[in-house]
Amino acid sequence: VTNYNKALEQLDAALAKGDSATIVKLQSAIKFNGGGHVNHSTFWKNLAPVREGGGEPPKGSLGWAIDTHFGSLEVLMQKMNAEGAALQGSGWVWLGADKELKKLVVETTANQDPLVTKGPLVPLIGIDVWEHA
């Protein structure tokens, strides 16, 4: 977050000066550091203890959607494991909700890129393939 905030401050200064080269240069720092914050905010919520709703298979509408779109929780887990193992370098594997298609999808992103870089997707579960795999 510190580096994200620094990049945003530098971006504000560059925008005020009309410094196009610096504006473009800062995009990767904003994407990496901002994406890392967004991604880990989801990740830490996914690690909830049982007393806060974690540690149990999904029920209700999420459980139904997983069964509908993947067949079972076990099939979803196998798919996410395979997609994560296939990533080269650092990245994330996601269970997301596609707002346009109204279905669940498994996607991967490189480095700290957030899921929104893939389209109108809402992250539900994110796994940091290198650090926390």
Side-chain angles (χ1 to χ4, degrees):
V1 173
T2 299
N3 288 336
Y4 177 58
N5 288 334
K6 283 181 192 174
L8 290 178
E9 289 171 10
Q10 293 170 351
L11 178 62
D12 284 343
L15 287 167
K17 294 178 194 172
D19 182 353
S20 298
T22 299
I23 293 167
V24 170
K25 180 182 168 192
L26 288 167
Q27 297 307 303
S28 61
I30 291 168
K31 187 176 181 182
F32 182 81
N33 293 297
H37 172 64
V38 168
N39 293 351
H40 282 89
S41 293
T42 298
F43 180 79
W44 297 126
K45 288 177 187 171
N46 291 160
L47 295 177
V50 173
R51 71 180 181 279
E52 293 178 19
E56 297 291 329
K59 297 177 179 79
S61 59
L62 180 57
W64 175 85
I66 289 170
D67 288 345
T68 298
H69 298 289
F70 299 101
S72 69
L73 178 60
E74 291 74 26
V75 171
L76 169 62
M77 291 168 56
Q78 289 171 358
K79 182 169 179 59
M80 290 186 77
N81 284 336
E83 294 283 337
L87 268 174
Q88 294 183 347
S90 182
W92 290 74
V93 61
W94 298 97
L95 172 65
D98 186 314
K99 295 190 290 187
E100 289 180 354
L101 299 177
K102 300 192 184 325
K103 70 177 207 171
L104 298 180
V105 295
V106 172
E107 289 283 347
T108 60
T109 56
N111 303 313
Q112 293 292 356
D113 295 0
L115 186 58
V116 298
T117 61
K118 293 281 190 147
L121 304 175
V122 176
L124 302 175
I125 298 171
I127 302 169
D128 187 341
V129 174
W130 281 109
E131 289 181 75
H132 310 291

Find out if a path of hydrophobic residues (ILVMFWY) with successive side-chain heavy-atom gaps under 4.5 Å connects Phe70 to Met77.
yes
Taking the side chain from Asp98 and the backbone from Glu100, do they hold a donor-acceptor pair closer than 3.5 Å?
yes
Rounded distance [0.5 Å steps], CG in Leu95 versus NE2 in His69:
10.0 Å
Quick test of your reading: applying side chain to side chain donor-acceptor pair (under 3.5 Å), list the pairs with at least one residue in residues 45-66, sequence neighbours left out, ordered by first then second residue.
none
Are Ile66 and Pro58 packed together at the side-chain level, in the sense that at least one heavy-atom pair is separated by less than 4.5 angstrom?
yes
Sub-4.5 Å side-chain heavy-atom contact between Trp92 and His40
yes
What heavy-atom pair brings Pro114 and Asn39 nearest, and what distance separates the two atoms?
CA-OD1, 3.2 Å
Results of side-chain contact (heavy atoms from CB on, under 4.5 Å) for Lys118 - residues two or more places apart only
Glu107, Thr109, Leu115, Leu121
Which residues, ordered by chain and number, are linked to Val38 in its hydrophobic cluster, where ILVMFWY side chains connect at heavy-atom gaps below 4.5 Å, directly or through other members?
none
Quick one: list whatever passes side-chain contact (heavy atoms from CB on, under 4.5 Å) with Asn3, sequence neighbours left out.
Lys6, Asn33
Transitively linked via ILVMFWY side-chain contacts under 4.5 Å: Val116 with Val122?
no
Residue pair Trp94 / Thr42: nearest heavy atoms and the distance that separates them:
CZ3-CG2, 4.2 Å
Got Leu76 and Val106 here, is their nearest side-chain heavy-atom distance under 4.5 Å?
yes
Which other residues end up in the same hydrophobic cluster as Leu15, if Ile, Leu, Val, Met, Phe, Trp and Tyr are linked when side-chain heavy atoms come under 4.5 Å apart?
Tyr4, Leu8, Leu11, Ile23, Leu26, Ile30
For a quick test of reading the model, state the closest non-hydrogen atom pair linking Gly91 to Leu87 and the distance between them.
C-CD1, 3.8 Å
Supply the atom-to-atom distance Gln112 CD to Ser90 OG, rounded to the nearest 0.5 angstrom.
6.0 Å
Taking every heavy atom of Val50 against every heavy atom of Gly55, the minimum-distance pair comes out as CG2-CA, 4.3 Å
Listed by chain and number, what are the side-chain hydrogen bond (donor to acceptor under 3.5 Å, both in side chains) partners of Thr22, not counting sequence neighbours?
Asp19
